[in-house]
**Q** 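Can you read through this structure? Questions will come right after.
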Amino acid sequence: MKYISVLGSTGSIGRQTLDIVREHKDKLKVTALAAGSNIELLEEQIREFKPGLVCVYDEEKARQLKLRIGDLSVSIVAGMDGLVACGTEPAADTVVTAVVGMIGIRPTIEAIKAGKNIALANKETLVTAGHIIMPLVKEKGILLLPVDSEHSAIFQSLNGEDKRRVSKIILTASGGPFRGRKLPDLYKVRPEDALAHPNWAMGNKITIDSATMVNKGLEVMEAAWLFDISIEQIQVLVHPQSIIHSMVEYIDGSIIAQMGMPDMRLPIQYALLYPDRERLESGKKLDFLKVRQLTFEEPDMETFYGLKLGIEAGRIGGSMPTVYNAANEWAVAAFLKGKIGFMDIAAIIEASMRQHKPIANPTLEQILNTEQETYDFIKGYTRSV
Ligand code: NDP
Ligand code: MG
């Protein structure tokens, strides 16, 4: 039996994680759940999965939840301390990090320090604090298993191979809902257009990141940390069908790919049950005769220059990825509220990066300060333009 704590259980990845637990009740048991504020869904999850510890980040909502589940013996905690408590819950051996954004940094670090294995969905954490997390993973001897479909594919394609024989990683991208569109077309895009992803149903933030291709910028940095490979050895390839989830090219020219239907439950299950493979009864099998064609394109980095900026931030390193990520988090939230336009997202990221003097190897405190300074800069910047 594996005991798991799910941070972000009410989100897209969190809910699909619980689907996997439902399918493998004999192998997986939930010990802790955490969410931001959705106590209605959290209550249902508590009644079904019976964790001993639950965190609601919002303190008032945590109080309300306590009243709603007075008939159950479950501890309710709140805030960052509560999130960390769920990440370090003594009975858990694996923590699924499925919160959205850099808020995941502290609970992830504390979970690793407590010796938990990590099933990592929350890429923003690795992008901003990879230089702190990866040495800690090594020191503690824990497993950091990717949930992101591309990274799961790379992980599976590296299985049993000598990493020194890798020549490059080919990171595939669907291209999002605006693939093939050009700049003048994109200024007027509304949140509802950007939220209509062709292949994946995901949380709002990552869906916008896919539309801008900032998601791929984050994923390049995520892959560099996870697989200890240079940014130069990562090629982004647009593959609109999302069947090949990513590939590894070896020095002899062989390429190993992982394929399957676009269904996040596959990489989630792989991370949770690793190294075992089990049936996914409710999943669809890939039928090549139905797909018929797999196509590939060069990413359009002029139109989707958020991707280009991500690669640049990764090359510069230090605190620059934090600026890239924080500016994006701010801009995506503003875009979803209708306060800025679609193309302003990349413009805000670029302006934030241009004014920043990168700090090499930032401490956790410096990362969080850089995040705040970026928000402060953007507030001034958006007032001035
Ligand atoms: P969602 O927006 O669907 O879910 C986010 C989850 O985080 C919710 O449970 C939310 O709770 C919770 N949350 C938000 N803020 C806090 C907080 N302060 N404290 C505790 N919990 C919080 O996001 P996704 O599931 O789409 O994405 C999660 C992560 O996984 C992201 O980093 C994303 O990049 C990554 N990812 C997602 C994929 C996908 O298919 N969705 C694919 C690959 C990676 P509440 O509901 O209460 O707000
Ligand atoms: Mg992905």
Side-chain angles (χ1 to χ4, degrees), residues 2 20 93-94 96-97 112 116-123 125-127 130-131 133-174 215-239 241-280 283 285-286 288 291 294 296 299 310-311 314-315 317:
K2 281 193 183 172
I20 295 300
D93 44 54
T94 300
V96 181
T97 62
I112 299 170
K116 314 292 185 195
N117 291 328
I118 306 289
L120 180 109
N122 178 226
K123 63 191 85 178
T125 282
L126 201 58
V127 164
H131 59 290
I133 288 171
M134 295 314 293
L136 209 51
V137 166
K138 227 181 198 167
E139 185 194 320
K140 291 287 171 184
I142 61 116
L143 291 170
L144 178 62
L145 297 159
V147 165
D148 213 346
S149 57
E150 296 79 358
H151 304 75
S152 177
I154 297 162
F155 183 72
Q156 294 179 56
S157 302
L158 285 167
N159 206 354
E161 296 283 345
D162 182 345
K163 262 170 67 175
R164 288 167 305 183
R165 302 290 180 261
V166 170
S167 61
K168 71 174 175 186
I169 281 175
I170 303 170
L171 191 69
T172 53
S174 70
N215 182 50
K216 218 41 65 176
L218 294 170
E219 288 187 354
V220 166
M221 292 185 262
E222 183 186 12
W225 283 119
L226 278 172
F227 307 114
D228 190 20
I229 194 162
S230 71
I231 301 278
E232 284 68 29
Q233 282 173 287
I234 303 172
Q235 178 192 357
V236 175
L237 182 69
V238 173
H239 164 48
Q241 297 83 13
S242 298
I243 296 295
I244 301 181
H245 298 305
S246 276
M247 314 183 234
V248 178
E249 184 193 272
Y250 291 88
I251 51 174
D252 60 357
S254 283
I255 293 179
I256 300 184
Q258 185 263 341
M259 297 181 228
M261 295 299 284
D263 180 345
M264 279 311 295
R265 294 173 312 159
L266 272 173
I268 294 171
Q269 173 170 304
Y270 191 72
L272 290 180
L273 298 178
Y274 178 81
D276 296 339
R277 285 193 191 270
E278 295 290 342
R279 273 176 189 285
L280 179 59
K285 294 269 163 59
L286 171 61
F288 281 106
V291 180
L294 300 179
F296 306 96
I311 294 170
R315 283 205 181 108

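The basis for the numbers below is simple: all heavy atoms, side chains too, and nothing from hydrogens, waters or symmetry mates. Source: prediction; values computed, not measured.
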**Q** Could you grab the distance from atom OG1 of T172 to atom CD1 of I244, nearest 0.5 Å is fine?
**A**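 That separation rounds to 7.0 Å.
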**Q** Before you tell me yes or no, could you show the steps for L171 and K216 under side-chain contact (heavy atoms from CB on, under 4.5 Å), namely the whole-Å CA-CA distance, both residues' side-chain angles and the distance that decides it to 0.1 Å?
**A** CA-CA 8 Å; L171 191 69; K216 218 41 65 176; 4.0 Å; yes
**Q** Any chance you could measure L145, atom CG, to L226, atom CG, to the nearest 0.5 Å?
**A**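 One gets 9.5 Å once the value is rounded to the nearest 0.5 Å.
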**Q** Kindly give the heavy-atom pair with the smallest separation between S157 and A257, and that separation in Å.
**A**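 S157 and A257 have their closest heavy atoms at OG-C, 3.6 Å.
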**Q** Please determine which of E222, E219, Q156 meets the side chain to side chain donor-acceptor pair (under 3.5 Å) test together with H151.
**A** E222
**Q** Ignoring hydrogens, what is the shortest heavy-atom contact between P135 and G130? Give both atom names and the distance.
**A**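 Of all heavy-atom pairs spanning P135 and G130, the closest is CD-O, 3.9 Å.
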**Q** Between N117 and K2, does a side-chain contact (heavy atoms from CB on, under 4.5 Å) hold up when you go through it step by step?
**A** CA-CA 11 Å; N117 291 328; K2 281 193 183 172; over 6 Å; no
**Q** Within a reach of under 6.0 Å around NZ of K138, are more than 12 heavy atoms found that belong to other residues, nucleotides or ligands?
**A** no
**Q** With rounding to the nearest 0.5 angstrom, report the CZ to CD distance, F296 to Q241.
**A** 7.0 Å
**Q** Check whether any side-chain N or O of H245 sits under 3.5 Å from a backbone N or O of S152 as a donor-acceptor pair, and report yes or no.
**A** no
**Q** Decide yes or no for H239 and L294: does some side-chain heavy atom of the first lie under 4.5 Å from some side-chain heavy atom of the second?
**A** yes
**Q** How close do V238 and P299 get, counting heavy atoms only, and between which atoms?
**A** CG2-CA, 3.7 Å
**Q** To the nearest 0.5 angstrom, please state how far the CG atom of L143 sits from the OG1 atom of T94.
**A** 8.0 Å
**Q** Which distance, rounded to the nearest 0.5 Å, do you find between the CD1 of I170 and the CD of Q233?
**A** 12.0 Å
**Q** Show your working on side-chain contact (heavy atoms from CB on, under 4.5 Å) between L237 and M247 and close with a plain yes or no.
**A** CA-CA 10 Å; L237 182 69; M247 314 183 234; 4.0 Å; yes
**Q** With side-chain contact (heavy atoms from CB on, under 4.5 Å) as the criterion, how do I142 and K116 come out once you've worked through the C-alpha distance, each side chain's angles and the decisive distance to 0.1 Å?
**A** CA-CA 7 Å; I142 61 116; K116 314 292 185 195; over 6 Å; no
**Q** Which atoms form the tightest heavy-atom contact between S246 and A153, and what is the distance?
**A**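 What the structure gives for the nearest pair is N-CB, 3.6 Å.
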**Q** Side chains of T125 and T97: closer than 4.5 Å at any heavy-atom pair?
**A** no
**Q** Over 60° means perpendicular and under 30° means parallel, so tell me whether F155 and Y270 are parallel, tilted or perpendicular.
**A** perpendicular
**Q** Quick one: pull up CG in D276 and CD in E278 and give me the separation to the nearest 0.5 Å.
**A** 6.0 Å
**Q** Are R165 and D252 close enough that some pair of their side-chain heavy atoms sits under 4.5 Å apart?
**A** no
**Q** For G283 versus D263, what's the shortest heavy-atom pair and its separation?
**A** CA-OD2, 4.2 Å
**Q** Is there a side-chain contact between I20 and L280, using heavy atoms and a 4.5 Å cut-off?
**A** yes
**Q** Indicate yes or no: at least one non-hydrogen side-chain atom of I255 is less than 4.5 angstrom from one of Y250.
**A**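 Answer no - side chains too far apart.
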**Q** Does any non-hydrogen side-chain atom of M221 lie less than 4.5 Å from one of K123?
**A**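 No. Closest side-chain heavy atoms not under 4.5 Å.
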**Q** On a heavy-atom basis, which atom in V127 and which in W225 lie closest, and how many Å separate them?
**A** O-NE1, 4.2 Å
**Q** From the options V147, I133, L144, select the one residue that forms a side-chain contact (heavy atoms from CB on, under 4.5 Å) with L120.
**A** L144
**Q** Side chains of E249 and S167: donor-acceptor distance under 3.5 Å anywhere?
**A**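 Yes, a side-chain donor-acceptor pair sits under 3.5 Å.
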**Q** Does the side chain of M264 come within less than 4.5 Å of S149's, by heavy atoms?
**A** yes
